[in-house]
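Scroll down for the structure; my scribbles are underneath it.
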Amino acid sequence: MSVRVRFAPSPTGALHIGGIRTALYNYLFARQHGGTFILRIEDTDQNRYVPGAEQYIIEALRWTGLVPDEGVGFGGDKGPYRQSDRKAIYQKYAHDLVRLGHAYYAFDTPEELERLREAEANFTYNHRTRPSLQNSLTLPVEAVQRHLAEGKPSVIRLKVEPDKSIRIEDLIRGEVVFQSSELDDKVLLKADGMPTYHLANIVDDHLMGITHVIRGEEWLPSTAHHVLLYRGFGWEGTMPRFAHLPLILKPEGNGKLSKRDGAKFGMPVFPLAWAGPTPEESFPGFREAGFLPEATINFLALLGWHPGGDQEMFSMDELVQAFSVEHIGKSGARFDYEKAKWFNQRYIQATDNAALADMIRPMAEAKGYRTDSQFLADVAGLMKERVTFLPDFVEQGYYLFEPVRTYDNEMLQKRWNPALQPAFEAVIEQFGSESPFEAVHLEPAMKRFMADSGIKPGDILPLLRLALAGTMKGPGVFEMAAVFGKEETVRRLSAALAHFLGE
RNA sequence: GGCCCGUUCGUCUAGGGGUUAGGACACGUCCCUUUCACGGAUGAAACACGGGUUCGAUUCCCGUACGGGCUACCA
């Protein structure tokens, strides 16, 4: 049977980076087995639905390259893939389960249950308490019929039989055992007619032919209920295998990574920026920060999984090859932003200049800078080994785009000396006569010229740098000169000399 | 509180009954470089604790501690 896996997020806002990792592992597993990767939108909670979240999820998957084979926005013949469009299906199955004796109607109001929980801290709706509550197991048949006919608000609950051991063979954790007596009678169908996660999930996974459920660890405790549902429906024979992923933890302190941690620690925790109704509900994204999708994926892949060995850099194809559920770690992984930055740096270094030019162009454009391909590619070549993020090219390399307006005064005081004027002028003149104007020629030629003229490179080189860039940081003097070209180089040097002379 | 899961350098991790416990990020030092980086070399840095089992346990078992998750008509 061919592998079918799904990524099933809830459109309650921006999808954080942990969600992308879950999608990634599902994707890798599907690709490796020649299987199908499905996107299902779990929007069964009307109250938490956030407009735009679904589009965000799809865009985030496209950006990271985790493109589904089937699902909302991607076609497929097992749809619809949006749970709110499947309401009638769940209702049918919920009622089937009642008929089969594995579920029942319950009429207790949320308020009544709330009171019970307040009265008894550990109150649970289960095999012990249900005989004293308002449901189709305790009420006379006529009363149940009447309530149903009158449309009295009701839910359908799973009838968990006590005294049974439920064993789950988790692909990551091995055998996990639960005692049914400790399980509650989970609500399957809510009073508004929508299913809860538990019902919708099992029905959909079954109907969509899902073979492996790879999801976050927060679902491990309810997996026992899910097994009971498969049994209740008589689907145990085709029940998917489960793999529960460890969670991603906060960069510092305790607990799992949350939305707010981005602002708290000054780093993005979302793949894409999210514009909420208020600044507090808006979040920065990896994409907007200037991460390459490949770097983001490589970083996430290794957060909780490693194939063994010492390899750090993995292309998507290599990940597909190397991936295995057995090598997923069991403990939570702390979100390590420094490592993410390092990956990005490595990927930028490994990207060719022409491709970088295309990525930089919008940023150069926004600043009103030159945007021709050759120049941007040259800038990329000069800066790629000293940047971390894409915007750094134009932000740190501003002097490549703009004329120098200010010179590092401290360095100027230290390096400039009026006695150097003739040497500096000679060097400017020599630059003007060099050809070809390329770094490989310029560097030896100029150094030879200085040696022949009795000019100490140590006196002049720092000044040339200052003259060309205004700052002591940056690419090699001759490399910059070559990118500027003869005319611009001489212009910058002359302008700088005038400034050095106090004009 | 109850149930479930986990625990190797600060972080991500490899490993696995006998190893100098390996790599990467971050950090220190040095080299390269008359800048800043890249790169190279090198250093400091870990098997939570207590009992077993065993000739031998970081590795297997049991406890304890600590961490995490769940405990909604949320997912």
Side-chain angles (χ1 to χ4, degrees), chain A residues 8-12 42-48 83 106 108-110 113-114 117 121-125 153-157 168 170 172-174 176-179 181-184 186-198 200-201 215-224 244 246-247 249 251-252 254-256 299 302-313 327 329-343 345-346 349 382-388 396 408 411 415 456-462 464-466 468-469 471-477 480:
Chain A
S10 195
T12 54
E42 309 220 330
D43 58 343
T44 55
D45 187 350
Q46 317 269 276
N47 304 316
R48 295 210 307 158
Q83 291 186 329
D108 319 270
T109 66
L113 295 174
E114 185 56 35
R117 288 193 184 96
N122 293 328
F123 173 81
T124 18
Y125 208 119
S154 66
V155 300
I156 290 179
R157 283 181 182 271
I168 294 151
D170 189 275
I172 294 171
R173 283 150 217 290
V176 181
V177 184
F178 295 90
Q179 299 306 324
S181 302
E182 284 157 1
L183 268 28
D184 63 328
K186 285 245 179 291
V187 168
L188 263 20
L189 198 70
K190 298 182 268 193
D192 65 1
M194 284 297 244
T196 58
Y197 172 90
H198 309 289
N201 203 260
R215 74 217 314 188
E217 192 183 18
E218 68 267 28
W219 296 110
L220 189 51
S222 56
T223 306
H244 287 95
L247 268 14
L249 275 19
E252 288 167 37
N254 298 337
K256 62 174 174 177
F299 162 64
L302 263 31
L303 211 52
W305 168 81
H306 198 283
D310 292 340
Q311 190 176 347
E312 297 281 337
M313 304 290 287
H327 277 101
K330 293 178 171 67
S331 48
R334 212 173 269 281
F335 183 78
D336 184 0
Y337 192 59
E338 290 303 318
K339 193 77 173 253
K341 280 157 65 174
W342 176 78
F343 274 113
Q345 209 178 330
R346 292 294 303 265
Q349 282 175 37
L382 251 33
M383 298 298 294
K384 70 197 283 188
E385 304 215 312
R386 49 208 102 217
V387 302
T388 303
Q396 289 180 16
D408 181 334
M411 279 314 288
R415 295 292 187 172
K456 282 194 265 180
D459 286 341
I460 295 298
L461 252 22
L464 288 178
R465 160 172 308 287
L466 220 43
L468 255 23
T471 166
M472 288 308 287
K473 295 183 178 181
V477 166
M480 282 195 287

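These numbers come from the heavy atoms of this one structure, side chains and all, not from hydrogens, waters or symmetry mates. Computed from a predicted model, the values in this text were never measured in an experiment. Note on naming: letters A, B, ... go to the chains in the order of the sequence lines (proteins, then strands), and numbering restarts at 1 for each one.
- Searching all strands for a Watson-Crick or G-U wobble partner of B:U11 with both distances below 3.5 Å returns B:A24.
- Base orientation of B:C61: anti, the glycosidic angle falling outside 90° of 0.
- Checking B:G6, B:A14, B:G1 against the side-chain heavy atoms of A:Asn122 singles out B:G1 as nearest.
- Considering only the side chain of A:Leu303, B:C12 comes nearest among B:C38, B:C12, B:U7.
- B:U54 is unpaired under the criterion used here, namely a Watson-Crick or G-U wobble arrangement in which both key atom distances are under 3.5 Å.
- Of the candidate nucleotides B:C38, B:U35, B:G6, B:C38 has the atom nearest to the side chain of A:Gln345.
- When both distances must be under 3.5 Å, the Watson-Crick or G-U wobble mate of B:U19 does not exist.
- Within 6.0 Å of the NZ atom in A:Lys341, the count of heavy atoms belonging to other residues, nucleotides or ligands exceeds 12.
- As rounded to the nearest Å, B:A21 and B:U34 have P atoms that lie 42 Å from one another.
- Here A:Arg465 does not reach the OP1 or OP2 of B:U33: none of its side-chain N or O atoms lies under 4.0 Å away.
- Checked against B:A14, B:C73, B:C74, the side chain of A:His306 finds its nearest nucleotide in B:A14.
- Across B:C4, B:G68, B:A75, the shortest atom-to-atom separation from the side chain of A:Arg48 is found for B:A75.
- Closest approach to the A:Gln349 side chain among B:A75, B:C38, B:A37 is made by B:C38 (side chain taken as heavy atoms from C-beta onward).
- The aromatic rings of A:Phe335 and A:Tyr337 lie parallel to each other, their planes meeting at an angle below 30°, with 60° marking the opposite boundary.
- With hydrogens and angles ignored, a donor-acceptor pair closer than 3.5 Å exists between the side chain of A:Arg386 and the base of B:C36.
- Judged by atom type and distance alone, A:Lys339 does not reach the base of B:A26 through any side-chain donor-acceptor pair under 3.5 Å.
- Here A:Pro11 lies out of heavy-atom contact (under 4.0 Å) with every strand.
- In this entry B:U35 has no Watson-Crick or G-U wobble partner, no candidate having both defining distances under 3.5 Å.
- Among the nucleotides B:C73, B:C12, B:A75, the one closest to the side chain of A:Trp219 is B:A75.
- A:Thr12 has no side-chain polar atom (N or O) that falls below the 4.0 Å cut-off from OP1 or OP2 of B:C74.
- For the pair A:Arg173 and B:G6, the criterion of a side-chain N or O lying under 4.0 Å from OP1 or OP2 is not met.
- At the heavy-atom level, A:Gly329 lies nowhere under 4.0 Å from the strands shown.
- In this structure, A:Lys190 reaches the B:C74 phosphate: one of its side-chain N or O atoms is under 4.0 Å from OP1 or OP2.
- Using Watson-Crick or G-U wobble geometry with both donor-acceptor distances under 3.5 Å, B:A41 finds its partner in B:U29.
- Nearest nucleotide to the side chain of A:Ser331, out of B:G6, B:U13, B:C73: B:G6.
- Each of B:A75, B:G23, B:C38 was ranked by its minimum atom distance to the side chain of A:Glu312; first place goes to B:G23.
- Remark on RNA chain B: of its neighbouring residues A:Val155 and A:Glu182, the 5'-side contact belongs to A:Glu182, judged by nearest-heavy-atom nucleotide.
- With respect to A:Val477, the side-chain contact (heavy atoms from CB on, under 4.5 Å) criterion is satisfied by exactly one of A:Ile460, A:Leu464, A:Leu466: A:Leu464.
- Contact annotation for A:Gly304: backbone-only contact, meaning every heavy-atom pair under 4.0 Å involves sugar-phosphate atoms and none involves a base.
- Projected onto RNA chain B by closest heavy-atom contact, A:Ala333 and A:Pro153 fall at different nucleotides, the more 5' of which corresponds to A:Ala333.
- Within the 4.5 Å cutoff, no side-chain heavy atoms of A:Lys339 are placed close to those of A:Arg334.
- Residues A:Gln83 and A:Met194 fail the side-chain proximity criterion, which asks for heavy atoms closer than 4.5 Å.
- Partner assigned to B:C49 is B:G63, using Watson-Crick or G-U wobble distances below 3.5 angstrom.
- Pair check for B:G1 finds B:U71; Watson-Crick or G-U wobble, both atom distances under 3.5 Å.
- Under the 30°/60° scheme for interplanar angles, the aromatic rings of A:His198 and A:Trp219 are found to stand perpendicular.
- Results of the side-chain contact (heavy atoms from CB on, under 4.5 Å) test with A:Val155 over A:Val187, A:Asp108, A:Leu189 single out A:Val187 as the only residue that passes.
- Distances were taken from every side-chain heavy atom of A:Pro221 (C-beta onward) to each of B:C70, B:C3, B:A75; the shortest belongs to B:C70.
- Listed pair A:Lys330 / B:G69 fails the phosphate criterion, with no side-chain N or O lying under 4.0 Å from OP1 or OP2.
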